[in-house]
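Structure first, commentary second.
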Amino acid sequence: AIMDDNAALHGKMVAGAPVVGAIDAGRAAELLAAGAIDAAVISVSTSIPFRERIFTTWKAQGIPFANVIHPSAVVGINVAWGEGNVVMAFCHFGACAAVGDNNFLSAYCSIEHHCVLGNHCSFGPGVVTSSRVTIGDRVRFGTGIFIEPGVTIGADSVIASGLAIAQHIPAQSLLKAKIGYTVRSRG
């Protein structure tokens with residue numbers, strides 16, 4: 001079943017699943033108690049505060065969260081998983097990586113060996129870490145980001161698309177790319 005705050009979808013089917021109403025922890029708990037669901041999944045990737053609020057509120061109601069991992073993802077040995085993570089197509093997790101709770105990883109992300117991911121993070125497509133990277137809670141990544149070995153990225157940071165990160169980033173940092181290029185006609 002799907003819960004969505006868009007009332008226009010209520011009572012309809014989306015990808016073969018019924019939209020049963022608005023997002024409601026009480027209703028989800030009832031569905032769980034009735035055996036109609038086994039666990040919840042948060043499909044919203046773009047709002048970390050929303051993801052964290054739903055995850056925290058529903059966990060307090062006793063609602064478990066499933067890890068949803070696309071079948072094309074590659075997961076190395078001894079990867080430690082929290083719960084409620086969404087992993088899209090062609091992601092990679094190296095040996096002994098540790099993934100916290102409620103993270104969303106878009107396609108083509110690579111979390112190399114011995115990296116540690118916090119909770120409630122959102123990764124755009126193509127975020128690539130080297131080994132031993134540590135990422136704090138609630139970090140938002142854009143697209144096409146490369147992180148060098150041993151770097152720590154502090155909690156509540158926002159990392160813009162297209163960066164190569166080679167130094168530690170303090171908590172609550174905003175990294176923006178200064179990309180400049182010239183477009184000219186070939187003719």
Item to complete: Evaluate side chain to side chain contact (heavy atoms under 4.5 Å, CB included) for Ile153 paired with Ile147, printing each intermediate quantity in order.
Response: CA-CA 9 Å; Ile153 298 177; Ile147 306 168; 3.7 Å; yes
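- Listed for the Arg51 side chain is a donor-acceptor partner under 3.5 Å among the backbone atoms of Val44.
- A heavy-atom distance below 4.5 Å is not found between the side chains of Ile111 and Val99.
- When atom types are taken as modelled, the side chain of Thr57 and the backbone of Arg53 share a donor-acceptor pair closer than 3.5 angstrom.
- No donor-acceptor contact under 3.5 angstrom links the side chains of Asn102 and Asn119, judged on distance only.
- Side chains of His120 and Asp137: no donor on one and acceptor on the other come within 3.5 Å.
- When atom types are taken as modelled, the side chain of Asn85 and the backbone of Val68 share no donor-acceptor pair closer than 3.5 angstrom.
- Put simply, CD1 on Ile23 and CG on Asp4 are 6.0 Å apart, with the number rounded to the nearest 0.5 Å.
- Note: Thr129 OG1 to His113 NE2 = 9.0 Å, rounded to the nearest 0.5 Å.
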Worksheet item: Stepwise, does the side chain to side chain contact (heavy atoms under 4.5 Å, CB included) test hold for Val20 with Met3?
Response: CA-CA 6 Å; Val20 297; Met3 291 182 173; 3.9 Å; yes
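- Residues that satisfy the side chain to side chain donor-acceptor pair (under 3.5 Å) test with Asp156, not counting sequence neighbours, are Arg138.
- Using a 4.5 Å cut-off on side-chain heavy atoms (C-beta onward), Lys59 and Thr56 make no contact.
- Looking at Trp81 and Ile69, their side chains come closer than 4.5 Å, going by heavy atoms from C-beta outward.
- Heavy-atom contacts from other residues, nucleotides or ligands closer than 6.0 Å to CG of Asn6 number more than 12.
- Taking 4.5 Å as the limit, every side-chain heavy atom of Val133 sits out of range of all side-chain heavy atoms of Ser131.
- Here the closest heavy-atom approach between residue Ser72 and residue Ala89 is recorded as OG-CA, 3.3 Å.
- Hydrophobic clustering keeps Val158 apart from Ile169 (ILVMFWY residues linked when any side-chain heavy atoms are closer than 4.5 Å, directly or through intermediates).
- The minimum heavy-atom distance between Ile135 and Cys121, with the atom names listed, is CG2-SG, 4.0 Å.
- You'll find the side chain of Val86 reaches within 4.5 Å of the side chain of Val41, heavy atoms only.
- Summarising the geometry of Ser130 relative to Cys115, their closest heavy-atom pair is O-SG, 3.0 Å, with the distance given to 0.1 Å.
- At a threshold of 4.5 Å between side-chain heavy atoms, the hydrophobic network of Ile, Leu, Val, Met, Phe, Trp and Tyr places Val116 and Val87 in two separate groups.
- Using a 4.0 Å cut-off between charged side-chain N and carboxylate O, Arg132 and Glu112 make no salt bridge.
- Between the CZ atom in Phe93 and the OG atom in Ser110 there is a gap of 8.5 Å [rounded to 0.5 Å].
- Judged by distance alone, the side chain of Ser157 and the main-chain N or O of Pro170 form a donor-acceptor pair under 3.5 Å.
- With contacts defined as side-chain heavy-atom distances shorter than 4.5 Å, the pair Met88/Phe104 qualifies.
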Worksheet item: Going through the checks in order, is the side chain to side chain contact (heavy atoms under 4.5 Å, CB included) test met by Val128 and Ile145?
Response: CA-CA 6 Å; Val128 177; Ile145 296 167; over 6 Å; no
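- Distance check, rounded to the nearest 0.5 Å: CD of Glu83 to CG of Asn103 gives 12.0 Å.
- Checked by atom type and distance alone, the side chain of Thr134 never pairs as donor or acceptor with a backbone atom of Thr152 at under 3.5 Å.
- A donor-acceptor distance shorter than 3.5 angstrom exists from the side chain of Ser161 to the backbone of Thr143, with no hydrogens or angles considered.
- For the atom pair CD of Glu30 and CD1 of Ile37, the computed distance is 10.5 Å after rounding to the nearest 0.5 Å.
- Screening residues 132-168 for ring-ring contact (aromatic ring centres under 6.0 Å, His included), with sequence neighbours left out, gives Phe123-Phe141.
- Cluster membership check: Val79 shares its hydrophobic cluster with Val127, using side-chain heavy-atom separations under 4.5 Å among Ile, Leu, Val, Met, Phe, Trp and Tyr.
- When each of Ser47, Ser122, Ser45 is tested with Arg140 by the rule side chain to side chain donor-acceptor pair (under 3.5 Å), just one qualifies, namely Ser122.
- Of all the heavy atoms in Ala22 and Asp5, the pair that sits closest is CB-OD1, 3.5 Å.
- Taking the six-membered ring where the residue is Trp, Phe55 and Phe65 present tilted rings, their angle falling between 30° and 60°.
- Taking CD1 of Ile159 as the start and CD1 of Ile165 as the end, the distance is 4.5 Å to the nearest 0.5 Å.
- Contact detail for Gly82 and Asp101: the closest heavy-atom pair is CA-OD1, 3.1 Å.
- Nearest heavy atoms, Ala160 versus Lys176: CB-CA, 3.8 Å.
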